[in-house]
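Within every chain, numbering begins at 1; the chains are lettered A, B, ... in the order of the sequence lines, protein sequences first and strands thereafter.
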Amino acid sequence: MPDKSTPAQGFQFTLSNLKPVTQPPKITVTFPDGNTREFPYGTTGLEIAKSISPSLAKRTVVMALDGVLTDLTDPIVQDARLEFVSRDDPRALELIRHDAAHVMAEAVQTLWPGTQVTIGPVIENGFYYDFFRNEPFTPEDFPAIEKKMREIIARDQPFTKEEWTRDDTRKVFEDKDERFKVELLEAIPADQSIKIYKQGDWFDLCRGPHMASTGKIGTAFKLMKVAGAYWRGDSNNPMLTRIYGTAFAKQDDLDAYLKQIEEAEKRDHRRLGRELDLFHFQEEGPGVVFWHPKGWTLFQSLVSYMRRRLDGDYAEVNAPQILDKVLWETSGHWEWYRENMFAAQSAGEEAEDKRWFVLKPMNCPGHLQIFKHGLKSYRDLPLRLAEFGVVHRYEASGAMHGLMRVRGFTQDDAHVFCTEAQLAEECLKINELILSTYSDFGFGDIVVKLSTRPEKRVGSDESWDHAERVMATVLAEIEAKSGGRIKTAINPGEGAFYGPKFEYVLRDAIGRDWQCGTTQVDFNLPERFGAFYIDADGAKKTPIMVHRAICGSMERFTGILIEHFAGHFPLWLAPLQVMVTTITSEGDDYAKVVAAAARKAGLRVEIDLRNEKINYKVREHSLAKVPALLVVGKKEAENHTVSIRRLGSDGQTILPLDEAIAALVDEATPPDVKRAKGEA
RNA sequence: GCCGCAAUAGCUCAGCCGGUAGAGCACAUCAUUCGUAAUGAUGGGGUCGGGGGUUCGAAUCCCUCUUGCGGCACCA
């Protein structure tokens with residue numbers, strides 16, 4: 001998947017390289033079928049295509065020279081593998097979109113002269129172009145822009161490439177008052193040539209490649225949304241107005257994409273949260289969750305699972321919600337994390353205690369107090385303290401997003417106090433726990449990223465060098481042990497202010513990535529708080545502290561699960577597991593027997609004795625996504641059976657009551673509990 | 001926080017160029033006892049997000065605040 005923030009890459013060589021000292025008379029071109037042919041030096045791809053067949057030339061939009069997409073009109077100056085890429089080729093999609101971005105920019109500048117252009121890259125599902133204009137665009141402008149784009153495409157103007165000198169280019173853009181383009185020009189390294197792509201009278205500074213003409217873009221494109229975006233992604237820079245669009249080779253592909261967006265909206269956790277009555281937000285509590293009974297049941301299932309997985313290795317603790325500001329000064333939070341923190345004072349005007357208390361944004365200082373309380377021996381290490389700590393962070397108003405980004409959340413947090421010698425093993429142990437947890441929820445694709453020292457940080461460079469070295473070694477081991485299943489990456493400068501971290505990124509059912517787990521190695525906070533243990537030789541030593549979370553935010557993880565399962569939870573997580581209902585009121589007494597038996601077996605069950613038609617009740621409970629619907633009528637009562645209808649199936653099975661309950665109980669057993677039973 | 005958009009019944013939404021608020025679903029009551037995705041009838045429900053302004057008159061126009069949505073920036 002392309003990096004969202006990076007403009008499309010492609011064609012690399014430059015026209016200025018095309019003047020060889022000694023000019024070889026021929027070049028040899030190898031075609032995909034393995035055949036080779038000689039052509040005069042400098043023959044263009046288009047000429048070769050034409051020499052093979054006019055229809056090939058017509059069909060081809062770009063060539064791949066040794067695998068690199070290159071303008072068809074570029075002369076070929078060395079032996080190469082040559083492949084003609086047609087418009088239907090997946091590789092052409094990037095060009096269709098990139099060309100569409102240029103056409104959109106032309107359309108916008110034609111409609112609103114004076115608008116300045118900046119950059120217009122291809123992104124994962126389309127393209128965008130950032131403009132500078134005092135009056136921002138709105139979606140109401142889309143029809144006009146799209147109409148103009150259609151005109152430009154219908155004109156089928158060739159994309160032509162020119163190489164300009166730096167000075168000329170600067171002058172041209174300065175004359176047009178395109179100050180952003182001038183800035184981009186100045187950022188191009190001196191050894192690179194300046195390429196301009198023209199379509200009719202319109203031109204843009206661009207590295208290419210492009211297709212032969214605007215007509216190749218086709219009509220399967222659509223403008224999607226407008227948004228503000230900072231120039232060069234820096235919030236100190238001016239705000240540009242960005243128009244997002246998408247384009248496909250065929251209308252069917254565009255329709256399928258729009259359909260897919262619609263489907264993704266249906267599993268949006270905010271929507272399902274309302275529909276399934278799981279939680280809500282309201283104005284008076286921006287970014288804090290009101291959990292409803294069903295949502296809280298789901299949340300607690302998750303917490304119980306995580307608590308079981310502490311598994312005797314960790315001791316669970318609970319540290320205070322608010323603590324004197326001085327503690328946060330000691331930790332460095334007051335200096336480095338202050339804009340994210342809530343602080344409180346007594347609201348009483350006559351209160352004698354005027355100290356500021358900080359609502360904890362992290363659990364680590366609290367756990368350090370617990371570690372420090374009483375003398376610790378090296379024999380106590382590693383000491384692993386876990387807490388389902390509720391933390392509050394003041395998030396920027398625009399950052400909030402349902403359960404995914406909130407101001408108050410529960411972390412499945414733990415801190416491991418250990419010695420240097422124990423560090424690598426502790427990291428690997430945490431790694432195993434994280435991976436096995438994700439796999440229990442059905443997440444397979446995991447990326448582990450190592451985030452290194454940020455600019456704002458505490459501690460000496462030596463301690464950072466050391467921590468990063470240890471973690472790089474562990475990362476290599478994680479990758480090696482996974483047998484290729486786990487991918488790894490480096491995230492420079494993204495570490496926490498007190499230490500480098502591993503970030504675990506999982507991919508959900510519809511291909512979105514979520515950063516959840518984290519392991520942070522901290523050589524700083526224990527020292528800042530004066531934490532120590534007595535080593536074997538009787539000397540005081542400072543422990544290393546490893547911060548670790550698996551779900552990260554339990555709220556976010558719940559949100560991810562809602563979307564991952566589209567509200568159709570596996571039985572062990574479903575808030576309501578079983579609904580018992582009747583055909584007619586004749587079945588009421590037996591339904592009560594069934595519900596009581598299911599409840600006694602530990603299932604979460606409700607009973608629906610309403611005098612409604614069975615069709616109506618089936619529909620209602622299906623929409624509520626209840627996993628198992630037990631319908632009982634006269635027959636079931638007589639035979640002591642139940643009719644089971646499972647969510648997502650339109651048939652039903654009749655089973656003896658005991659058997660049905662035993663099967664449901666087995667299915668409702670959490671995966672970790674099943675594993676433990678299997679081992680016993 | 002920044003740019004844009006939005007806020008009308010529990011939910012989804014209509015309400016034009018300012019003239020005093022509507023639908024479907026949900027809910028309640030009554031009738032209906034029905035074998036696996038909507039039975040019918042009747043009824044209740046709104047300071048049109050808050051505040052201010054323009055106007056004879058504001059859901060509608062303007063200002064402002066709050067919250068949400070889409071991005072950006074930030075991030076668990």
Side-chain angles (χ1 to χ4, degrees), chain A residues 4-5 128 130 133 135-141 224-244 268 270-271 274-275 277 280-287 337 339-340 361-362 391 393-413 494 496 501 503-505 514-518 520 547 549-557 559-560 581-588 609-624 629-636 643-647 649-652 654:
Chain A
K4 278 177 81 170
S5 61
Y128 65 79
D130 284 348
R133 180 180 173 231
E135 185 87 357
F137 299 104
T138 78
E140 284 163 27
D141 298 323
M224 304 297 288
K225 52 196 173 196
V226 287
Y230 297 108
W231 168 236
R232 302 199 145 168
D234 185 335
S235 54
N236 298 312
N237 286 341
M239 178 68 69
L240 306 171
T241 160
R242 173 174 298 179
I243 302 180
Y244 283 93
D268 187 309
R270 292 166 299 183
R271 176 177 172 155
R274 187 171 55 240
E275 288 175 356
D277 195 18
H280 85 266
F281 290 91
Q282 67 187 47
E283 260 190 47
E284 295 83 352
Y337 205 71
E339 62 278 16
N340 286 293
M362 294 188 193
V391 296
R393 298 180 184 176
Y394 184 85
E395 296 293 341
S397 57
M400 258 108 64
H401 180 93
L403 295 175
M404 303 308 197
R405 197 74 183 275
V406 289
R407 285 185 175 160
F409 60 101
T410 312
Q411 287 184 310
D412 58 331
D413 203 3
E494 296 293 319
K501 58 186 181 183
E503 291 181 344
Y504 289 78
V505 179
W514 298 100
Q515 199 242 293
C516 295
T518 172
Q520 309 172 359
H547 311 238
I550 296 173
C551 298
S553 152
M554 304 296 282
E555 281 77 359
R556 165 184 281 188
F557 204 79
I560 293 169
T581 192
T582 50
I583 305 285
T584 70
S585 54
E586 267 185 328
D588 285 7
L609 301 180
R610 287 175 307 167
N611 174 18
E612 294 289 353
K613 288 171 84 165
I614 188 62
N615 284 302
Y616 180 85
K617 291 196 277 194
V618 165
R619 175 181 153 83
E620 220 173 51
H621 301 309
S622 300
L623 289 175
L629 188 57
L630 304 190
V631 179
V632 296
K634 204 172 166 189
K635 275 186 285 181
E636 286 79 9
S643 161
I644 306 181
R645 182 190 171 110
R646 295 303 303 263
L647 180 60
S649 135
D650 52 7
Q652 57 255 236
I654 312 274

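- Comparing the C1' positions of B:rG68 and B:rU54 gives a spacing of 28 Å, expressed to the nearest Å.
- The CZ atom of A:Arg405 sits 8 Å away from the C1' atom of B:rA76 (whole-angstrom rounding).
- Partners of A:Ser553 by side-chain contact (heavy atoms from CB on, under 4.5 Å), not counting sequence neighbours, listed by chain and number: A:Phe409, A:Glu555, A:Arg556.
- Within 6.0 Å of CD in A:Glu140 there are 12 or fewer heavy atoms belonging to other residues, nucleotides or ligands.
- Atom CZ in A:Phe137 sits roughly 13 Å away from atom C1' in B:rC3 (whole-Å rounding).
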Tabulate atom names and distances for all N/O pairs under 3.5 angstrom spanning the protein and nucleotides 8-13 of chain B.
unit_1 : atom_1 : unit_2   : atom_2 : d
B:rC11 : O3'    : A:Arg274 : NE     : 3.4
B:rU12 : OP1    : A:Arg274 : NH2    : 3.1

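- Put simply, CG on A:Asp234 is 12 Å from C1' on B:rC74, counting in whole angstrom units.
- Under the ring-ring contact (aromatic ring centres under 6.0 Å, His included) criterion, A:Tyr230 pairs with no residue, sequence neighbours left out.
- In this structure, the side-chain hydrogen bond (donor to acceptor under 3.5 Å, both in side chains) partners of A:Glu284, at least two apart in sequence or on a different chain, are A:Gln282.
- The salt bridge (Lys or Arg N to Asp or Glu O under 4.0 Å) test applied to A:Glu395 returns A:Arg405, not counting sequence neighbours.
- Residue A:Tyr230 places no side-chain atom within donor-acceptor reach of the base of B:rG71, judged by atom type and a 3.5 Å distance cut-off alone.
- The interatomic distance linking A:Ile243 (CD1) with B:rC3 (C1') rounds to 13 Å, in whole Å.
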Every protein N/O within reach of nucleotides 59-68 of chain B N/O, cut-off under 3.5 Å:
unit_1 : atom_1 : unit_2   : atom_2 : d
B:rU66 : O2'    : A:Glu283 : OE1    : 3.4

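- Annotated as syn: B:rC17, whose glycosidic dihedral is within 90° of 0.
- Residues A:Asp268 and A:Gly552 both approach RNA chain B. Their nearest nucleotides, taken by heavy-atom distance, put A:Asp268 toward the 5′ side.
- A:Phe557 comes within 4.0 angstrom of no nucleic acid atom, judged by non-hydrogen atoms across all strands.
- When the C1' atom of B:rC74 is taken as reference, atom CG of A:Asn340 falls 8 Å away, rounded to whole Å.
- Across the protein-nucleic acid pair, A:Gln520 atom CD and B:rC75 atom C1' stand 12 Å apart, rounded to whole Å.
- The 5' end of RNA chain B is approached more closely, in terms of each residue's nearest nucleotide, by A:Ser235 than by the other of A:Ser235 and A:Leu403.
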Secondary structure string for RNA chain B (Watson-Crick or G-U under 3.5 angstrom, | for other-strand pairs): (((((((..((((.....[..)))).(((((.......))))).....(((((..]....))))))))))))....

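- The distance between atom CZ of A:Arg271 and atom P of B:rG70, rounded to the nearest whole Å, is 13 Å.
- By the side-chain hydrogen bond (donor to acceptor under 3.5 Å, both in side chains) test, A:Tyr616 is found to be paired with A:Glu620, residues two or more places apart in sequence or in another chain being considered.
- The stretch residues 227-242 of chain A participates, sequence neighbours left out, in these salt bridge (charged side-chain N to carboxylate O under 4.0 Å, His left out) pairs: A:Asp130-A:Arg242, A:Glu183-A:Arg232.
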Under 4.0 Å protein heavy-atom contact, by nucleotide of nucleotides 28-38 of chain B - B base, S sugar-phosphate only: ----BBBBBBB

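- If you take NZ of A:Lys225 and C1' of B:rA6, they are 16 Å apart, rounded to a whole angstrom.
- Taking the P atom of each, B:rU39 and B:rA76 are spaced 50 Å apart, rounded to whole Å.
- One P atom belongs to B:rA28, the other to B:rC56, and the distance between them is 48 Å to the nearest Å.
- With sequence neighbours left out, A:Arg646 forms a side-chain contact (heavy atoms from CB on, under 4.5 Å) with A:Leu571, A:Pro627, A:Ala628, A:Ile644, A:Leu664, A:Glu667.
- The C1' atoms of B:rA37 and B:rC25 are separated by 16 Å, rounded to the nearest whole Å.
- No side-chain heavy atom of A:Arg393 sits less than 4.5 Å from a side-chain heavy atom of A:Val406.
- Taking atom P on both nucleotides, B:rU8 is separated from B:rC16 by 15 Å, rounded to a whole Å.
- Taking the P atom of each, B:rG44 and B:rG51 are spaced 28 Å apart, rounded to whole Å.
- Every residue two or more places apart in sequence or in another chain that forms a side-chain contact (heavy atoms from CB on, under 4.5 Å) with A:Lys225 is listed here: A:Tyr244.
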